[in-house]
Amino acid sequence: MPMTTARDLWIQNFHPAPLAPCRLVCFPHAGGSASFYHPISRSLAPAVEVLAVQYPGRQFRRAEKCIEDIGEMADRICDSLARHADRPMALFGHSMGAVLAFEVALRLERATPDTVIHVFASARSAPSVHGGEAIHERDDEALLAHLRQLGGTQLKLLGDTELLPLILPALRSDYRAVDRYRHRAGERLRCAVTALTGDADPAVSVDAARGWRDHTQGSFDLCVLPGGHFYLDSQSAAVVEVILGKLRGLPASEFQHAAGPRAAVDIPTPRTRRPGDSPGRGPGDRAAAGDRP
């Protein structure tokens, strides 16, 4: 497991890949934690180095107060990502994480225009779409009913009376941040955007996911995969292929950076899974499951 010094509390690097030509910064969903992305990190290394964001109020940051404002959280994450700006970054966010990825990308593009090369927005309506629901104001039973509707492998955790008191505070705080978020009209990304969604997601329609194309001046693509809101549980291999396909397809000119131009974009094939590797969560991920909505 990575060290968790004061400097890197926000960023977890499960599989360091110092020779990878770019990084993928991953943002968890509401109530989620960095370990949600351990399987994707393992699959992409060493082709792409994955940095997973760890929000306050969960796992080893459980004692910290949750941040209930998307803008403030984006500012804090950008501060932590500053020391990782030596290589181009793509951003991947799932559900609430997609909104955070969008806001972080806007900030990074203003600060260092050539750093962000792609944004992957998963299981989330476009930033300008606001459902009007105040999910964070629901009582515990109604909130749990909402989570059951979303489905995913976290369902078995919702009946665990020992885990629920650990799950609900961070979950409710994250939903409060999402419910209060409002997109600032006119703000658009310059980089390419790929929206991903499950074809049976009860919270995000395909048309709502397609709305992300209005939030970038760059190219846009929509990827619809089998599954519900947590389609990633069963479609992680397909998502990895989408990510690699988009990053391999970038022209060399997209990899110009202050550190100097790269002669060519050469993303190697990820390593073959070793005997004994689980197709699901990796070592140390059991504790993370309790933080999933």
Side-chain angles (χ1 to χ4, degrees), residues 7-8 10-11 13 17-27 37 44 47-53 67 69-94 96-122 124 126-128 181-196 209-223 242-267:
R7 188 180 182 188
D8 61 12
W10 284 93
I11 307 297
N13 186 345
L19 300 182
C22 65
R23 294 187 172 99
L24 180 71
V25 184
C26 294
F27 299 77
Y37 289 108
L44 284 172
V48 176
E49 185 171 60
V50 172
L51 304 179
V53 176
I67 297 175
D69 180 86
I70 294 293
E72 179 184 350
M73 201 180 303
D75 289 340
R76 299 283 294 277
I77 294 168
C78 282
D79 288 343
S80 290
L81 287 176
R83 66 191 181 93
H84 298 285
D86 58 315
R87 278 181 269 172
M89 295 179 189
L91 310 184
F92 185 105
H94 186 78
M96 178 187 84
V99 175
L100 265 172
F102 174 73
E103 288 292 331
V104 168
L106 286 173
R107 287 159 171 76
L108 290 176
E109 285 190 337
R110 288 196 294 264
T112 52
D114 297 322
T115 297
V116 181
I117 54 177
H118 207 103
V119 168
F120 298 90
S122 170
R124 180 71 191 182
S128 54
Y181 171 77
R182 297 294 183 274
H183 168 254
R184 295 174 297 279
E187 287 199 318
R188 301 172 71 197
L189 295 170
R190 292 191 292 271
C191 68
V193 171
T194 296
L196 302 96
R210 188 178 288 113
W212 278 92
R213 69 182 172 191
D214 297 327
H215 293 273
T216 181
Q217 301 173 41
S219 62
F220 173 80
D221 193 18
L222 175 65
C223 179
V242 170
I243 293 169
L244 288 174
K246 294 298 180 183
L247 297 185
R248 283 195 181 113
L250 288 169
S253 61
E254 293 290 337
F255 281 78
Q256 307 302 310
H257 192 264
R262 288 168 171 79
V265 179
D266 183 16
I267 296 180

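For the pair Cys26/Val50, a side-chain contact is recorded, criterion being any heavy-atom separation below 4.5 Å from C-beta on. With a 4.5 Å cut-off on side-chain heavy atoms, Leu108 and Cys78 count as touching. With a 4.5 Å cut-off on side-chain heavy atoms, Pro127 and Val99 do not count as touching.
Of the charged side-chain nitrogens involved, none lies within less than 4.0 Å of a carboxylate oxygen, so that Glu109 and Arg188 do not count as a salt-bridged pair. Between Asp86 and Arg23, at least one side-chain nitrogen of the basic residue sits less than 4.0 Å from a carboxylate oxygen of the acidic one, meeting the salt-bridge criterion.
Residues meeting the salt bridge (charged side-chain N to carboxylate O under 4.0 Å, His left out) test with Asp214, sequence neighbours left out: none. Under the ring pair (Phe, Tyr, Trp, His ring centres under 6.0 Å) criterion, Phe102 pairs with His183, Trp212, His215, sequence neighbours left out. Residues meeting the salt bridge (charged side-chain N to carboxylate O under 4.0 Å, His left out) test with Arg110, sequence neighbours left out: Glu187. Every residue meeting the salt bridge (charged side-chain N to carboxylate O under 4.0 Å, His left out) condition with Asp75, not counting sequence neighbours, appears here in chain and number order: Arg107. For Arg210, the salt bridge (charged side-chain N to carboxylate O under 4.0 Å, His left out) partners are Asp207, not counting sequence neighbours. The side-chain contact (heavy atoms from CB on, under 4.5 Å) test applied to Asp221 returns Thr194, Lys246, not counting sequence neighbours.
At least one donor-acceptor pair under 3.5 Å links the side chain of Thr216 to the backbone N or O of Gly218. Checked by atom type and distance alone, the side chain of Tyr181 never pairs as donor or acceptor with a backbone atom of Asp69 at under 3.5 Å. With hydrogens and angles disregarded, a donor-acceptor distance shorter than 3.5 Å links the side chain of Glu49 to the backbone of Ala17.
Only one option out of Thr112, Leu81, Ile117, Leu51 pairs with Met89 in a side-chain contact (heavy atoms from CB on, under 4.5 Å); it is Leu81.
Ala20 approaches Ala47 most closely through the heavy-atom pair CB-O, 3.5 Å. For Leu24 against Leu44, the heavy-atom pair with the smallest separation is CD2-CD1, 3.7 Å. The two atoms that bring Ala101 and Leu91 nearest to each other are O-CD1, 3.3 Å, heavy atoms only. Here the closest non-hydrogen pair linking Leu196 and Val242 is CD2-CG1, 4.1 Å. Nearest heavy atoms, Pro21 versus Pro88: O-CD, 3.5 Å. Across all their heavy atoms, Ala98 and Arg124 have their closest contact at CB-CB, 3.6 Å.
Interatomic distance, Phe27 CZ to Ile77 CD1, rounded to the nearest 0.5 Å: 5.0 Å. Atoms CD and CD1, on Glu72 and Ile67 in that order, are 4.5 Å from each other to the nearest 0.5 Å.
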Test log, rule side chain to side chain contact (heavy atoms under 4.5 Å, CB included), inputs Ile11 and His84: CA-CA 10 Å; Ile11 307 297; His84 298 285; 3.9 Å; yes
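In summary, the aromatic rings of Phe120 and His118 are positioned with their centroids under 6.0 Å apart.
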